[in-house]
Amino acid sequence: MRLRRRIQQILTFTGLTIVVICSQNCSGFTSTIKKAKYTNGDQSSQGEEPPPVTPPVVPPVVPPVVPPPIPQNPVDNAAKVNPFACSAATIGVENIRRLSRTELENTLKNLLGPNISANIADALGGLYQDTITKSVTDFSQQINDSQMNGYEAVADRILSTLTSKPNLVSDFGIACTSAAMTNACRDTIINTLSLKAYRRPITTTELKALQDNVFTLGTTTAEKIGFVLYRLVMSPDFLMRLEKGSGTTAASEFNLTPYEVASRISYMIGDSPPDDQLFAAAAAGLLQTEQQIQPHIDRLFAKPSAKAKIHNFFNYWLQPKSLSANGYATDFLAGLNIGLASPEYLREMDEFIDYIIFVRQGSLNDLLTSRDAFPRNSQAASVLGSRMLASNEQAPAQTDMNRIGLLMRPAVLATDGNEVHPIVRGAKFRSRFLCESTGVPAGVALAGDLSFSSDTAKATYSTRYRTEKLTASTSCMACHSNINPVGFVFQHIDNFGRYRSIEKSYAANGTVLGNHPIDASVAIKFSPTETEKSVSNGVEFISQLAERNRLPACFATQMHRFYRLRIESSADSCIQQEVYNDLAVDPNKSLLDAFKKQILNKALLKRRIQ
């Protein structure tokens with residue numbers, strides 16, 4: 001009861017102010033579907049219905065490992081130019097926002113140390129989950145009641161832990177805590193802890209409030225520290241990413257303080273508070289120029305926290321599929337162990353990303369077109385068409401000639417069920433990788449011939465042909481003329497990411513209904529200025545995208561959104577232009593340089609509020 005009454009006193013002095021923080025789509029490329037052949041192989045698609053034929057069941061064909069056709073489509077120069085127009089030196093509006101859960105946990109661990117953090121792990125586990133799935137708008141920048149309850153539970157646990165385990169005070173590394181308390185020791189405790197909590201030195205007014213109203217609530221040293229920590233972690237200065245600037249002006253754009261710059265750098269790169277070297281540079285006024293800041297950028301991007309955030313970015317961008325081990329036909333599995341393969345798909349993809357970015361110092365083009373692979377079990381190796389690497393091997397294996405780069409990784413192309421879903425794949429490529437709107441009309445169902453979704457149709461026709469018929473109406477083709485071809489071009493890759501030359505169709509009970517040859521050829525208009533280009537398979541398609549500006553521009557946009565947790569505006573175009581140059585224009589720049597440019601640019605030292 002005594003602790004509870006004192007907690008209420010703390011909250012009286014906290015004065016919490018919860019700030020409520022306040023889309024746009026990229027234009028899409030257009031494409032048309034190359035007329036598909038009927039699956040019986042002897043009729044052209046000229047508007048006539050083929051006779052229903054039940055094809056003989058043939059054994060699966062082992063996919064040949066042959067080089068794909070070399071693309072012969074010249075790229076229009078207009079499709080290579082930087083699409084971001086920077087007409088004025090502007091920066092985007094940055095709202096005040098709360099710490100994300102990852103940022104909050106990392107800041108608490110830095111403040112409390114490993115032992116106290118371990119003692120409050122269950123309270124941390126009860127915090128809100130940040131669910132950023134398809135858009136950064138999923139992230140709520142304001143603090144709600146549920147989150148505030150979670151914060152209070154963590155603060156309670158910190159106080160009770162120090163009260164019951166006073167020996168943990170030594171974890172803070174403050175020498176004077178082992179002796180009788182003095183005013184000097186009190187101020188050392190408050191200044192040390194508040195610097196880590198607020199990511200800046202506290203003001204004289206804040207120090208006096210903690211001295212007079214909080215520190216005195218405790219009787220033992222451990223209790224006094226516990227009450228100080230309670231007050232600190234319940235403060236807006238801890239819970240929010242506050243940026244007030246170095247002056248008192250009410251201008252809409254102002255310079256950040258050195259400590260605010262340090263926080264921006266550290267949280268943007270690794271979701272963590274500033275380390276001792278950044279704090280020292282801020283205190284010395286050495287975070288004011290690009291030359292002063294660049295060494296810190298380089299140093300922090302070499303840390304595990306930066307690599308972890310880059311992995312999180314790619315998970316956000318790629319939306320990789322973690323496959324369930326259930327619900328597949330035995331014939332479709334063909335001996336593949338999904339329980340072993342699916343986790344390895346994801347792990348291998350991360351190792352591939354790390355290798356391209358940090359080991360090869362490669363470009364975005366390398367990421368999109370490299371055949372390097374790092375499968376560490378036989379299941380993933382068989383799917384990638386490469387040899388399995390031993391645990392101590394550092395050099396990559398090579399995939400077969402039927403796939404290239406990141407976007408043809410199994411986890412990226414995987415879909416549910418026994419059959420490929422070209423619409424799902426096409427919509428994902430257009431929205432995630434080309435930043436195009438693929439909106440679903442509200443209340444509109446398939447207007448095509450639904451008989452083509454029956455088992456009889458599955459036994460007779462390929463997935464491509466049935467998809468064309470199901471989406472053949474004018475209302476459907478307004479979108480599906482763009483979506484379907486991108487899905488069709490990957491028809492040689494099945495739901496598990498395996499190459500195939502024959503498509504099998506299945507009944508709901510897993511029975512094989514039919515075998516169909518695959519036509520993955522399409523005609524695509526990659527940009528408004530280009531004529532249609534013929535593309536024969538996924539390798540050609542990715543190769544063509546890598547030569548044009550649409551995918552690098554979308555990559556720059558998605559990176560901008562993820563690292564700022566907001567949708568871009570026209571005022572951000574100058575930064576996006578610089579990042580795009582590092583991604584796709586300057587041959588001397590790597591993908592890692594582009595990530596660094598996302599942090600170190602002219603917007604780093606300033607904040608615009610309107």
Side-chain angles (χ1 to χ4, degrees), residues 26-36 66-84 317-318 352 356 362-372 399-409 412-413 420 422-423 425-436 438 464 480-493 497 499 518-558 580-581 583-585 587 591 594:
C26 305
S27 59
F29 73 66
T30 59
S31 52
T32 58
I33 306 171
K34 188 175 181 180
K35 292 187 180 295
V66 295
I70 298 174
Q72 299 296 325
N73 294 317
V75 181
D76 187 337
N77 287 334
K80 295 182 176 181
V81 300
N82 192 323
F84 299 106
W317 183 51
L318 298 171
F352 170 72
I356 295 295
S363 64
L364 177 61
N365 189 280
D366 294 327
L367 192 73
L368 297 174
T369 62
S370 170
R371 297 190 188 278
D372 294 333
T399 67
D400 61 32
M401 303 299 288
N402 297 307
R403 75 181 72 239
I404 56 172
L406 182 63
L407 300 186
M408 292 189 74
R409 261 359 194 225
V412 178
L413 293 177
V420 166
I423 294 174
R425 284 179 173 173
K428 178 178 181 176
F429 259 79
R430 291 190 67 230
S431 62
R432 304 302 302 174
F433 309 146
L434 299 170
C435 292
E436 298 171 7
T438 59
R464 173 173 179 158
H480 284 276
S481 62
N482 298 328
I483 294 172
N484 293 357
V486 182
F488 294 155
V489 84
F490 294 108
Q491 283 295 92
H492 282 295
I493 306 296
Y499 183 85
I518 293 172
D519 178 10
S521 59
V522 295
I524 293 180
K525 191 174 183 181
F526 283 91
S527 71
T529 63
E530 291 186 277
T531 58
E532 286 186 347
K533 312 293 184 185
S534 296
V535 180
S536 300
N537 51 50
V539 171
E540 271 194 40
F541 177 67
I542 296 297
S543 299
Q544 290 290 319
L545 281 181
E547 293 184 35
R548 291 167 167 81
N549 59 13
R550 300 302 303 282
L551 196 150
C554 183
F555 188 91
T557 296
Q558 297 282 28
Y580 179 91
N581 281 335
L583 286 171
V585 178
L591 187 52

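Keep in mind that the numbers below use all heavy atoms, side chains included, and drop hydrogens, waters and symmetry copies.
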Review point. With under 30° as parallel and over 60° as perpendicular, where do the rings of Phe555 and Trp317 fit, or are they tilted in between?
Key: perpendicular

Review point. Between Lys428 and Val412, is any pair of side-chain heavy atoms under 4.5 Å apart?
Key: yes

Check your understanding: Okay, side chain of Arg548, backbone of Phe526: is any donor-acceptor separation there less than 3.5 Å?
Key -> no

Review point. If every non-hydrogen atom of Ala553 is compared with every non-hydrogen atom of Phe84, which pair is closest and at what distance?
Key: O-CZ, 3.6 Å

Review point. Are any of the side-chain heavy atoms of Thr399 and Tyr499 separated by less than 4.5 Å?
Key: no

Exercise for review: With sequence neighbours excluded, tell me which residues meet side-chain hydrogen bond (donor to acceptor under 3.5 Å, both in side chains) with Ser363.
Suggested key: Asp366

**Study point:** Among Leu367, Asp372, Leu368, the one residue meeting side chain to side chain contact (heavy atoms under 4.5 Å, CB included) with Ser370
**Key:** Asp372

Review point. So, the side chain of Arg550 versus the backbone of Leu545: is there a donor-acceptor pair under 3.5 Å, distance only?
Key: no

Practice item. Return yes if some donor-acceptor pair links the side-chain N/O of Arg425 with the main-chain N/O of Phe490 below 3.5 Å, else return no. Key: yes

Exercise for review: Walk me through it: do Ile524 and Phe541 pass the test side-chain contact (heavy atoms from CB on, under 4.5 Å)?
Suggested key: CA-CA 9 Å; Ile524 293 180; Phe541 177 67; 3.7 Å; yes

Check your understanding: How far apart are the closest heavy atoms of Ser543 and Ile404, and which atoms are they?
Key -> OG-CD1, 3.6 Å

Point to revise | Side-chain heavy-atom pair Val420, Gln491 within 4.5 angstrom cut-off | key: yes

Study note, to complete from the structure: Output for pair (Leu583 CG, Asn549 CG), nearest 0.5 Å, gives 12.0 Å

Point to revise | Heavy-atom donor-acceptor pair, Gln558 side chain to Phe433 backbone, under 3.5 Å | key: no

Review point. Between Arg371 and Asp400, is there a donor-acceptor pair closer than 3.5 Å when you use the side chain of the first and the backbone of the second?
Key: yes

Exercise for review: Could you grab the distance from atom CG of Leu407 to atom CD1 of Ile542, nearest 0.5 Å is fine?
Suggested key: 4.5 Å

Exercise for review: Give, for atom CZ of Arg430 and atom SG of Cys554, the distance between the pair rounded to the nearest 0.5 Å.
Suggested key: 11.5 Å

Exercise for review: Please report the closest heavy-atom contact between Thr369 and Ala546, naming both atoms and the distance.
Suggested key: CG2-CB, 4.0 Å

**Study point:** Atom pair OG (Ser481) and NZ (Lys525), whose distance is rounded to the nearest 0.5 Å
**Key:** 11.5 Å

Practice item. Keeping the roles fixed (side chain from Arg403, backbone from Met408), state whether a donor-acceptor pair exists under 3.5 Å. Key: yes

Check your understanding: Rounded to the nearest 0.5 Å, what separation is found between the CZ atom of Phe429 and the CG atom of Leu413?
Key -> 5.5 Å

Check your understanding: To the nearest 0.5 Å, what is the distance between CD1 (Ile493) and CZ (Arg409)?
Key -> 12.0 Å

Check your understanding: Quick one: are Asp519 and Arg464 in side-chain contact, heavy atoms under 4.5 Å?
Key -> yes

